[in-house]
Amino acid sequence: MTAAVPPGGFSAPKGVPEYVGPEFTSVRDTLVREADRAGYAHIELPVFEDTALYARGVGESTDVVSKEMYSFDDRGGRSVTLRPEGTAGVVRSVIEHGLDRGGLPVKLRYTGPFFRYERPQAGRFRQLQQVGVEAIGVDDPALDAEVLAVADAGFRALGLRRYRLEITSLGDATTRPQYRQELTRFLEKLDLDEATRERARINPLRVLDDKRPEVREQLTDAPLMIDHLSDEAAAHHAAVKRHLDDLGVAYVENPWMVRGLDYYTKTTFEFVHDGLGSQSGIGGGGRYDGLMAELGGQDLSGVGFGLGVDRALLACRVEEAGLDTASRVEVFGVPLGDAAKDRLVGIIGALRHAGIRADLAYGGRGLKGAMKAADRSGARFALVLGERDLEAGEIQLKDLTDGSQQAIALDGAAAAVDRALEDS
RNA sequence: GUGGGUGUAGCUCAGUUGGCAGAGCACUGGGUUGUGAUCCCAGGUGUCGCGGGUUCAAGUCCCGUCACUCACCCCA
């Protein structure tokens, strides 16, 4: 039995965006470039991992693990999961290959697709694209600030302005348990619906960033982690803010902020954009003290971020920031007749060998149609070749920005075009 | 996973109490086999999301389903 074409034709899987043209890669590469400038090395990671890696690394009680993972058994009976986030995979790789046995910190960056089974909406996808960095092995607030500055520089480089950086500290293992108890006692006294009470039971911190006004109202007097930091965590937090000031990175403190992944400690942050609707986070991350040890490695801490490429692109559109609209080609060939086309195919090939992006009108279109195609290609120059030019040993080089045209020798035409592009 | 809104041409959308499917843009060709982004003419623009029901008759009413979208939730 062969599968039938579904009514209406095949479509991409639900919640999976597709990008045509230079915009997506332009946004992604701009974000990556800032990480490269700060010395983060690329790491190419598997798109799926042992399911247990995420269960243990991200946390069983998180929504990401408990109801959003794409998990399946492979043909060998192993349970594998399409990666829902990047940090666990990086840490696993660092441990597995002993990358933490050399100089510290280990600074790595990655990019690619991640997968979460969620209900899609504007800015929320089942296949999402992230750029991330991780700096592992050194617990230095200056490193937290560097990570934040790299993310901020990426968004600035895109031309984004209408976002803010929110930061807080989630404390460390010495004081968080007792804070958690205090918060739980506070929440028990509130008038909350059943779903929220359940959330409070699983992870009381999560209740703090509830968006509903009637809930927020009750939370104004809630105890906050930021007021219950250990001396060390408080000093760390103060140092991060000091470094951010020195780096010229603007931020606001948001002590109600919570992260959905269990591994975060101390510094946590989120980049929030106001023009995207309810999915407003364009990036987020923080420090994770216990994750390396949790996954079987040395007891080293790390800090990192994940930036949403899809959402950054949406933000660029909202702000009408300078998205890359670079033309596909610089030169476009317009042949008149078969003999001219034979010759032009070779010339276009020579241009490409010389490193010039070039295309030509295929399909035997008329002159008008071919010129139209040249216009649409975004090329700076058109190369028009007909019988008359062939006899004269010439080819017409037309500047499409002002319409001017000059005849150049057919022999060595590629070199002449190269010069014309350099002069323009 | 829960609740609301919307599905008509490639895109943006009209479509009357149920009565012959439309506009603009884009696309292709021609006006001009030697010149594009202007103008003129012509032309595909279509399972009206899909399936079923009511009716002489459904884009229009009803049910289901799928997709998109907004909010909750969650997060990038």
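Order of the sequence lines sets the chain letters (A, B, ...), proteins ahead of strands, with each chain counted from 1.
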Excluding sequence neighbours, so at least two apart, what forms side-chain hydrogen bond (donor to acceptor under 3.5 Å, both in side chains) with Thr81(A)?
-> Thr51(A), Ser71(A)
Result for 5'-nearest mapping on RNA chain B, choosing between Val16(A) and Gln129(A), is Val16(A)
Using the C1' atom on both, measure A21(B) against C48(B) and round to a whole Å.
-> 8 Å
Would a 4.5 Å heavy-atom cut-off, applied to side chains only, mark Val91(A) and Glu294(A) as touching?
-> no
Without hydrogens or angle criteria, can the side chains of Asp172(A) and His236(A) be said to hold a donor-acceptor pair below 3.5 Å?
-> no
Rounded to the Å, how far apart are Arg116(A) CZ and C74(B) P?
-> 13 Å
Please determine if a side-chain N or O atom of Ser278(A) lies less than 4.0 Å away from the OP1 or OP2 oxygen of C70(B).
-> no
For Arg126(A) and U69(B), give me the distance from atom CZ to atom P, rounded to whole Å.
-> 12 Å
For Ala122(A), which contact category applies under a 4.0 Å heavy-atom criterion: base, sugar-phosphate, or nothing?
-> sugar-phosphate
Contacts of Tyr263(A) that satisfy ring pair (Phe, Tyr, Trp, His ring centres under 6.0 Å) - sequence neighbours left out = Tyr288(A)
Interatomic distance, Gln121(A) CD vs G5(B) C1' [rounded to whole Å] | 14 Å
Which letter, B, S or -, goes with each nucleotide of nucleotides 27-40 of chain B from 5' to 3', with contact meaning a protein heavy atom under 4.0 Å?
-> SSSBB--BBBS-B-
side-chain hydrogen bond (donor to acceptor under 3.5 Å, both in side chains) with Glu68(A): which residues, sequence neighbours excluded?
-> none
Donor-acceptor pair, side chain of Arg357(A) and main chain of Arg328(A), under 3.5 angstrom | yes
Does Gln279(A) get its side chain close enough to the base of A71(B), under 3.5 Å, for a donor-acceptor pair?
-> no
Output field dot_bracket for RNA chain B (Watson-Crick or G-U, both distances under 3.5 Å, | for other-strand pairs) contains (((((((..((((.....[..))))((((((.......))))).)...(((((..]....))))))))))))....
Rounded interatomic separation in angstrom, taking NZ from Lys14(A) and C1' from G49(B) | 14 Å
Among residues 303-318 of chain A, which residues get a heavy atom nearer than 4.0 Å to RNA chain B?
-> Gly306(A), Gly308(A), Arg311(A)
Please give, in whole Å, the distance from C66(B) C1' to Arg119(A) CZ?
-> 12 Å
Just by distance, with hydrogens left out, do Asp310(A) and Tyr19(A) show a side-chain donor and acceptor under 3.5 Å apart?
-> yes
Between A67(B) and C25(B), how far apart are the C1' atoms? Round to whole Å, please.
-> 25 Å
Distance between C1' atoms of U54(B) and C61(B) (Å, rounded) | 8 Å
Is a donor on one side and an acceptor on the other found under 3.5 Å between the side chain of Thr265(A) and the backbone of Asp289(A)?
-> yes
The residue, Pro120(A) or Glu270(A), whose nearest nucleotide of RNA chain B is more 5′ is Pro120(A)
Chi angles and distances behind the salt bridge (Lys or Arg N to Asp or Glu O under 4.0 Å) call for Asp50(A), Arg92(A) | CA-CA 10 Å; Asp50(A) 187 327; Arg92(A) 187 229 82 222; over 6 Å; no
Can you tell me, in whole Å, how much space there is between the P of G34(B) and that of G44(B)?
-> 28 Å
What does Ile282(A) touch in the nucleic acid at a heavy-atom separation under 4.0 angstrom: a base, only the sugar-phosphate, or nothing?
-> sugar-phosphate
Can you tell me, in whole Å, how much space there is between the P of G15(B) and that of C40(B)?
-> 27 Å
Euclidean distance, atom CD of residue Glu68(A) to atom C1' of C75(B) [Å, nearest integer] = 7 Å
Close side-chain approach of Arg311(A) and Phe271(A), heavy atoms under 4.5 Å | no
Indicate, with a heavy-atom threshold strictly under 4.0 Å, whether Arg206(A) touches base, sugar-phosphate, or nothing.
-> sugar-phosphate
Using a heavy-atom cut-off of under 4.0 Å over every strand shown, decide if Phe125(A) touches base, sugar-phosphate, or nothing.
-> base
Between the side chains of Gln396(A) and Asp389(A), is a donor N or O closer than 3.5 angstrom to an acceptor N or O?
-> yes
Identified ring pair (Phe, Tyr, Trp, His ring centres under 6.0 Å) counterpart of Tyr70(A) within the set Tyr117(A), Phe114(A), Phe48(A) | Tyr117(A)
Nearest-Å distance for atom pair CD/C1', residues Glu118(A) and C72(B) | 13 Å
Any side-chain heavy-atom pair from Ile167(A) and His237(A) closer than 4.5 angstrom?
-> yes
Between C27(B) and U12(B), how far apart are the C1' atoms? Round to whole Å, please.
-> 16 Å
What is the nucleic acid contact for Gly123(A), judged by heavy atoms within less than 4.0 Å: base, sugar-phosphate only, or nothing?
-> base
Whole Å only: how far is the CZ atom of Arg199(A) from the C1' atom of C72(B)?
-> 9 Å
Assess whether side chain to side chain contact (heavy atoms under 4.5 Å, CB included) is satisfied between Leu183(A) and Leu208(A), documenting all intermediate values.
-> CA-CA 10 Å; Leu183(A) 178 61; Leu208(A) 288 178; 4.1 Å; yes
Given the P atoms of U65(B) and G4(B), what is the spacing between them in whole Å?
-> 13 Å
For nucleotides C62(B) and G7(B), find the distance between their P atoms and express it as a whole number of Å.
-> 13 Å
